[in-house]
Amino acid sequence: MPSASLFGSLIAEFIVSAASPNQFPSDGLAEIAFLGRSNAGKSSLINALIGCKGLAHTSNTPGRTQTINFYRLTSGATTGLDACYFVDLPGYGYSKVSRQQAEAWKKLLENYLLNRAPLQLALVILDARRGWMPQDLELKRWLEAHHRAYLVVATKMDKLNQSDAQRTLAAIRKEFAEPLACSATTGRGVREIWQAIAKTHHSSR
Ligand code: GDP
């Protein structure tokens with residue numbers, strides 16, 4: 001699906017919704033993973049980065065998806081990337097899922113993060129109004145323990161006034177992470193996230 005994006009000739013395609021590792025793509029292209037609590041704004045951010053509104057599914061029934069969705073991005077001269085996958089992992093922290101479902105999600109996620117060779121960077125998406133929640137911190141520590149590169153993104157910044165925005169960013173920094181402030185609604189931070197992705201991509205070559 002060709003999409004008009006900030007980045008010129010970016011082509012984004014939905015490839016697969018995988019329920020188990022044998023369904024993951026096998027071409028070895030670099031992968032950028034998107035992680036976050038249900039409703040944090042992950043799908044909206046993916047769509048904003050791709051410049052295409054409906055590609056990643058935004059939903060008001062959080063916690064339903066227990067699959068890993070792969071989107072292949074091609075070209076995009078100004079992003080500095082040739083091709084890569086955006087990997088949308090199921091949102092966590094939705095209180096209405098059963099314990100069994102929550103365990104199954106955790107297993108799928110950990111399996112992907114532990115074993116996936118093409119994974120280059122994980123974006124941990126926080127709702128700026130909430131900042132770190134316990135499961136976000138657990139994930140952050142887990143990524144560090146397993147030496148996975150990650151970036152923290154504070155999204156929905158448009159919902160905060162200036163002083164709340166400063167406060168939330170300062171609280172996020174207290175956990176030794178420099179957040180990228182963004183908004184899927186206004187497009188704030190989209191360029192910076194792309195630059196950070198491209199930088200990781202180049203440094204891992
Ligand atoms: P996901 O469950 O993490 O994929 O979250 P979604 O992307 O579906 O977003 C959850 C809700 O927050 C939806 O109603 C979105 O429209 C809204 N939302 C997401 N990002 C933003 C943002 O940057 N600004 C505003 N104002 N709303 C947002």
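By convention here, the first residue in the shown sequence is residue 1. Below, all heavy atoms of this structure are taken into account, side chains as well, without hydrogens, waters or symmetry copies. Note that ligands are numbered from 1 as they come in the structure, with each ligand's atoms numbered from 1 the same way.
Considering only non-hydrogen atoms, atom 10 (C) of ligand 1 lies nearest to Asn39 out of Asn39, Asp127, Leu160, Leu35.
Using cut-offs of 30° and 60° for the angle between ring planes, the Phe24 and Phe70 rings count as tilted.
In this structure a side-chain-to-backbone donor-acceptor pair under 3.5 Å is missing from Arg188 to Met157.
Note on Ile15 and Leu119: same hydrophobic cluster, where clusters join Ile, Leu, Val, Met, Phe, Trp and Tyr whose side-chain heavy atoms are under 4.5 Å apart, directly or indirectly. Under a hydrophobic-cluster definition in which Ile, Leu, Val, Met, Phe, Trp and Tyr are linked whenever side-chain heavy atoms come within less than 4.5 Å, directly or via other members, Val190 and Leu160 are assigned to different clusters. Under the 4.5 Å side-chain contact rule for hydrophobic residues, Leu108 and Val16 share a cluster.
Put simply, the side chain of Pro179 does not reach to within 4.5 Å of the side chain of Leu126, judged on heavy atoms.
Checking only distances, Ser38 never comes within under 3.5 Å of ligand 1, N or O to N or O. Among the atoms of Cys182, none of the N or O lies under 3.5 angstrom from an N or O of ligand 1. Annotation: Lys159 places no N or O atom under 3.5 Å from an N or O atom of ligand 1; distance criterion only. Backbone and side-chain nitrogen or oxygen atoms of Gly41 are examined, and one is located within less than 3.5 angstrom of a nitrogen or oxygen of ligand 1. At under 3.5 Å, not a single nitrogen or oxygen of Met157, backbone or side chain, sits near a nitrogen or oxygen of ligand 1.
Proximity to Thr155 (heavy-atom distance under 4.0 Å) selects the following atoms of ligand 1: 23 (O). Those atoms of ligand 1 that come under 4.0 Å of a heavy atom in Ser44, given as number and element, are 6 (P), 7 (O), 9 (O), 15 (C), 19 (C), 20 (N). Set against the non-hydrogen atoms of Arg37, the atoms of ligand 1 under 4.0 Å away are 3 (O).
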Steps toward side-chain hydrogen bond (donor to acceptor under 3.5 Å, both in side chains) verdict (Tyr92, Glu138): CA-CA 11 Å; Tyr92 49 86; Glu138 192 186 326; over 6 Å; no

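Ion pair Glu144/Lys140 flagged as a salt bridge, since at least one NZ, NE, NH1 or NH2 atom sits closer than 4.0 Å to an Asp/Glu carboxylate oxygen.
At a heavy-atom cutoff of 4.0 Å, ligand 1 is contacted by both the backbone and the side chain of Thr185.
Under a 4.0 angstrom heavy-atom cut-off, Gly91 registers as lying outside contact with ligand 1.
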